[in-house]
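Beneath this line is the structure, given in structure tokens, with notes to follow.
The analysis underlying the following values was restricted to heavy atoms, covering all of them including side chains, and did not include hydrogens, waters or symmetry mates.
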Amino acid sequence: MAGGIRGGRPLIPTNVGRLGFRNNSYKLFISSLFTLLFLATLSFLFSTNPSSPTTRDHDSVLNTNPYSKSPEVGRTYVHRTFLALKSDPLKTRLDLISKQANDHIALVNAYAAYARKLKLENSKQLRIFEDLVRNFSDLTARPTYRVTLFDTEGAIEEDVLRQFEKEVKDRVKTARQLIAEAKESFDNQLKIQKLKDTIFAVNELLTKAKKQGAFSSLIAAKSIPKSLHCLAMRLVEERIAHPEKYVESESQPEFEDPNLYHYAIFSDNVIAASVVVNSAIKNSKEPWKHVFHVVTDRMNLAAMQVWFKMRPAQSGAHVEVKAVEDYTFLNSSYVPVLRQLESANLQKFYFENRAENATKDANNLKFRNPKYLSMLNHLRFYLPEMYPKLHRILFLDDDIVVQRDLTGLWDIDMDGKVNGAVETCFGSFHRYAQYMNFSHPLIKEKFNPKACAWAYGMNFFDLDAWRREKCTEQYHYWQTQNENRALWKLGTLPPGLITFYSTTKPLDKSWHVLGLGYNPSISMDEINNAAVIHYNGNMKPWLDIAMNQFRPLWTKYVDYEMEFVQMCNFGL
């Protein structure tokens, strides 16, 4: 065997020996390299100088984030962790205790903040919360614990740590007991707060509903029902179809006879005016002595004339129908209301179609209605000039019903007063202060805010005393002063209260009972004993919104036999 065994020993090929040597050298090199890297890392960590704990507060030490992007913070955390693991395991226990303390401080602060939100600033619980937070802070800031536990790089004394842990646990226990006791109270406060929020939201909805209700009520009260519109159109159609039947007759002498009983009715509602006349005639003892002066506007004049031609007053009573325009002295140069209607500002206030005008003030929404500047409403201040030959006249609104003979009013001694009316005040209600602006010096100087107000609707006027007292001139003065609505809002009652201040004679309340258009609690005994009942308010008896218990008192005087009333389905 020439090449296999030499000298009795197996021969190892030369290239195999070299390969084994090289493998051993490579392993030795890799091992040495990892050893050097490990030593370099340890040298780097232990040679780094961390920032001194004395330069940082305790909270920053406790809350150091090992994953912070700051290299210095990261090295400090690693360094401290190594030291804790290597030199003092009590530091980990200290960190846990401190974390527990800080967590309860945050919890107590949260409850204290909630107590302030619930307006418990003066409560005992809030003071205890604040004291407890202060005790936690004072404990961690106590010099003994600060020096021996937080600001030292050496070993932590176990006795001091135990004492610190005991005090922390005592405070934690107190905090938990306080929170447990306060939780039920806080829950009740939360319920109360939620209830208050709910009440506030409901009040907001109620206010909105009141505004919308006032607007809807105004539309329902002031709009012309279809049956009334139909009746007026039918009457006008009759006038156009048969003009020869409705030629205006000459004035009758009874219209100016001061020895008769005269009534003034100013209305644009045909059916309402007819009810006033019918009820007064049917309840009078001597109807042929009664004269009714019905005044309307030009638009409704034809309908009013046709009605009283087709359905003349019974029992010899007299009815005069005229238009406002027939009284030529009523022009803008003489009448302040007509002059004010020509004002651009006033037209903008009443006629400009803006959404905020509809719901801005629910309580005074009705005063934005331009009908309060209508001459039909203000004609009552010109009675002496409209009827110069009369001495006395009874003014009646078109929403009243006469229930007994009214001639007794002409027998009343007026004591030189101009206006005979029923007073409406009771307690502090319906006093002058409710109708006029007593912060204005003109009003404050001239009138008593506690003076008793009276009602329009049935007013007995002594026209001779009126002329003597120059009441129309007084009305003109005050109406001019109120052009900017600074003295009162609108309507005819405030200027009436001013014009006839100290010249009004109170009448017995049985002459005139009010409120059938808004007050459902009026007793029927009071109504049955009244000479005149008044449907003042929005629920007029000819509207669908009328109160059912009072409506029959009005409908029994409606002339349902009139053909146009039947054609227009009035009352159905």
Side-chain angles (χ1 to χ4, degrees), residues 218-249 263-282 292-314 317-326 369 371 374-377 379 396-402 516-517 533-548 550-572:
L218 183 66
I219 292 176
K222 306 308 178 185
S223 299
I224 300 175
K226 183 179 179 179
S227 57
L228 284 184
H229 180 71
C230 170
L231 178 60
M233 293 300 100
R234 292 287 185 180
L235 292 170
V236 172
E237 182 183 18
E238 172 67 16
R239 173 63 182 268
I240 295 173
H242 306 285
E244 70 281 355
K245 293 183 181 181
Y246 307 103
V247 177
E248 295 184 15
S249 59
Y263 301 80
I265 305 168
F266 306 145
S267 174
D268 58 359
N269 187 327
V270 175
I271 201 77
S274 70
V275 167
V276 177
V277 174
N278 289 344
S279 62
I281 292 173
K282 289 182 178 181
F292 299 89
H293 302 271
V294 179
V295 181
T296 186
D297 52 28
R298 180 63 69 182
M299 181 182 298
N300 294 280
L301 177 62
M304 201 77 75
Q305 288 175 335
V306 172
W307 177 279
F308 285 105
K309 281 282 188 176
M310 295 183 68
R311 314 298 290 181
Q314 299 177 358
H318 310 278
V319 178
E320 177 190 35
V321 179
K322 300 187 74 173
V324 175
E325 291 78 6
D326 293 332
N369 193 326
K371 83 154 198 155
S374 168
M375 271 309 301
L376 278 178
N377 283 298
L379 275 181
L396 296 175
D397 266 343
D398 65 356
D399 56 352
I400 66 100
V401 171
V402 179
L516 278 73
I533 55 175
H534 193 175
Y535 292 82
N536 59 312
N538 285 337
M539 291 178 275
K540 302 298 184 186
W542 55 83
L543 299 175
D544 291 336
I545 61 174
M547 286 183 279
N548 292 330
F550 300 143
R551 191 172 188 179
L553 301 172
W554 183 84
T555 56
K556 69 179 180 179
Y557 294 106
V558 175
D559 189 355
Y560 288 107
E561 296 180 359
M562 206 275 188
E563 58 179 302
F564 294 147
V565 173
Q566 297 177 3
M567 292 173 63
C568 293
N569 298 320
F570 185 83
L572 297 179

* Structure fact -> Only one of D398, N300, D297 passes side chain to side chain donor-acceptor pair (under 3.5 Å) with S267, and that residue is D398

* Structure fact -> On a heavy-atom basis, the closest approach of A317 and F292 is CB-CE1, 4.2 Å

* To do: Name the orientation class of the two ring planes belonging to F570 and W554 (parallel below 30°, tilted from 30 to 60°, perpendicular beyond 60°).
  => tilted

* Structure fact -> Looking only at heavy atoms, the pair that brings M304 and V294 closest together is CG-CG1, 4.0 Å

* Sub-4.5 Å side-chain heavy-atom contact between L553 and V401 -> no

* **Residues, nucleotides or ligands: over 12 heavy atoms within 6.0 Å of Q314 CD** => no

* pair L543-P225: side-chain heavy atoms closer than 4.5 Å -> yes

* To do: Work out which heavy atom in L516 is nearest to a heavy atom in F550; give both atom names and the distance.
  => O-CD1, 3.6 Å

* Structure fact -> Value for CG (N569) from CG (L231), rounded to nearest 0.5 Å, stands at 11.5 Å

* Asked: Do Y246 and Q305 have side chains that get closer than 4.5 Å, going by heavy atoms?
  -> no

* **CD-CE distance between E325 and M375, expressed to the nearest 0.5 angstrom** => 9.5 Å

* Structure fact -> Interatomic distance, CD1@I265 vs CG@L379, rounded to 0.5 Å, equals 13.0 Å

* **Side chains of V321 and W307 in contact at under 4.5 Å (non-hydrogen atoms)** => no

* **Other residues, nucleotides, ligands: >12 heavy atoms within 6.0 Å of I545 CD1** => yes

* To do: Answer yes or no: is there a side-chain heavy-atom contact under 4.5 Å between L235 and M562?
  => yes

* For the residue pair R234 and E563, establish whether any side-chain heavy-atom pair is separated by less than 4.5 Å. => no

* Asked: Around M299, counting heavy atoms of other residues, nucleotides and ligands shown, do more than 12 lie under 6.0 Å from its CE?
  -> no

* **Euclidean distance, E237 CD relative to H242 NE2, rounded to 0.5 Å** => 9.0 Å

* Asked: Could D268 and R298 be called an ion pair, given the rule that one side-chain N must be under 4.0 Å from one carboxylate O?
  -> no

* **Under the side-chain hydrogen bond (donor to acceptor under 3.5 Å, both in side chains) test, residues paired with H293 that sit two or more places apart** => H262, E320

* To do: Can you measure from OG1 (T555) to CH2 (W542) and round to the nearest 0.5 angstrom?
  => 13.0 Å

* **Shortest non-hydrogen separation from Y535 to K540 and the atoms involved** => O-NZ, 3.1 Å

* Asked: Are the side chains of I271 and V558 in touch, meaning some heavy atoms are under 4.5 Å apart?
  -> yes

* Rounded to the nearest 0.5 Å, how far does CG of L301 lie from CZ of R239? -> 7.0 Å

* To do: Please tell me if the side chains of V236 and V306 come closer than 4.5 Å, counting only heavy atoms from C-beta onward.
  => no

* To do: Return the minimal non-hydrogen interatomic distance between V247 and K309, and the atom names on each side.
  => O-NZ, 4.1 Å

* Structure fact -> Nearest heavy-atom approach of Y557 to V402 is OH-O, 3.9 Å

